[in-house]
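I have placed the structure first, in the form of structure tokens, so that the comments after it can refer back to it.
Values below: all heavy atoms of this structure, side chains included; hydrogens, waters and symmetry mates excluded. The structure presented is a predicted model; accordingly, all values stated were derived computationally and were not measured.
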Amino acid sequence: MRLSVFIADTLSTQLVIDLQKIYGNYLPATSLTTEAITEQLNDSTSRLFLTMFNERHIGGVKVQITGTTATLSQLQIRDLTRRRGVGKNLLTQVEKQLKAEGVAQVEYALTEVDESALLAIQAFLVNSDYQVNDGIAIKAI
């Protein structure tokens, strides 16, 4: 499977459709309108990393950088493509790019995760070398 990871910076009809599929059960519909997505892409305080396969966006994670710490949020992979290494690849590529930019630590607040998915995302992050303490997963990169 050939996956590509990149920072979303251009709005397209396909991007809107795919983000609605990725985040449909995670974010409110008002966050997935063309206007809301455009606003997020233009937000200079955060970046949306996406992973693609066969010209379709199948996963994403939002990243905000403060100093040498990056805070991840909204990590989601489309239901149909989970448990195939897509999330691991996305996380690895994001960490590699952040490290090249001088980021030393990555955090993910587990308080944003729905309780039904909490154990799975926590296990995923621990398997990806994150340390979980007080609801925050942290990794030095």
Separation between CG (Asp18) and OG1 (Thr13), nearest 0.5 Å, reads 10.5 Å
*Is there a donor-acceptor contact under 3.5 Å from the side chain of Thr51 to the main chain of Ser4?*
yes
Would the distance check show the side chain of Asn54 and the main-chain N or O of Arg56 forming a donor-acceptor pair, the cut-off being under 3.5 Å? no
* To do: Without swapping roles, check the side chain of Asn42 against the backbone of Thr38 for a donor-acceptor pair under 3.5 Å.
  => yes
Give the C-alpha distance, both sets of side-chain angles, the deciding distance and a yes or no for side-chain contact (heavy atoms from CB on, under 4.5 Å) between Met52 and Gln14.
CA-CA 12 Å; Met52 285 187 87; Gln14 192 61 55; over 6 Å; no
Note to self: Determine whether a donor-acceptor pair (N or O, by modelled atom type, separation under 3.5 Å) exists between the side chain of Thr33 and the backbone of Ala36.
What the structure shows: yes
Hits for side chain to side chain contact (heavy atoms under 4.5 Å, CB included) against Ile7, two or more places apart or cross-chain, chain-then-number order -> Arg47, Phe49, Gln97
On a heavy-atom basis, the closest approach of Ser46 and Lys62 is OG-CE, 3.4 Å
Ignoring hydrogens and angles, state whether a donor on the side chain of Tyr26 or Glu112 is under 3.5 Å from an acceptor on the partner side chain. yes
Output for pair (Lys21 NZ, Gln76 CD), nearest 0.5 Å, gives 15.5 Å
Looking only at heavy atoms, the pair that brings Val16 and Leu11 closest together is CG2-CD1, 3.6 Å
Rounding to 0.5 Å, atoms CD (Glu107) and OG1 (Thr66) come to a distance of 9.0 Å
**Asked** Are Ile136 and Leu72 in one and the same hydrophobic cluster, where Ile, Leu, Val, Met, Phe, Trp and Tyr link if side-chain heavy atoms are under 4.5 Å apart?
**Response** no
For Gly60 and Leu50, the nearest pair of non-hydrogen atoms, with its separation, is CA-CD2, 3.9 Å
So CD of Gln20 and CG of Leu15: to nearest 0.5 Å the spacing works out to 9.5 Å
* Pairwise side-chain contact, Gln93 with Phe6, heavy-atom cut-off 4.5 Å (strictly under) -> no
Q. Side-chain heavy atoms under 4.5 angstrom apart, residues restricted to Ile, Leu, Val, Met, Phe, Trp, Tyr: same cluster for Val126 and Tyr130?
A. yes
Q. Does one hydrophobic cluster hold both Leu125 and Leu118, with members joined at side-chain heavy-atom distances below 4.5 Å?
A. yes
Is there a continuous path of hydrophobic side-chain contacts, each under 4.5 Å between heavy atoms, that joins Val94 to Ile138? no
Rounded to the nearest 0.5 Å, the CD atom of Gln131 sits from the NZ atom of Lys139 at a distance of 10.5 Å
The side chain to side chain contact (heavy atoms under 4.5 Å, CB included) partner of Ile65 among Leu98, Val106, Thr71, Thr45 is Leu98
Linking I/L/V/M/F/W/Y whenever any side-chain heavy atoms sit under 4.5 Å apart, do Tyr23 and Ile17 land together?
no
Output for pair (Leu27 CG, Leu19 CG), nearest 0.5 Å, gives 9.0 Å
Is the closest side-chain heavy-atom distance between Phe124 and Leu75 below 4.5 Å? yes
Closest non-hydrogen atoms of Gly59 and Leu90, given as atom of the first, atom of the second and distance, are C-CD2, 4.2 Å
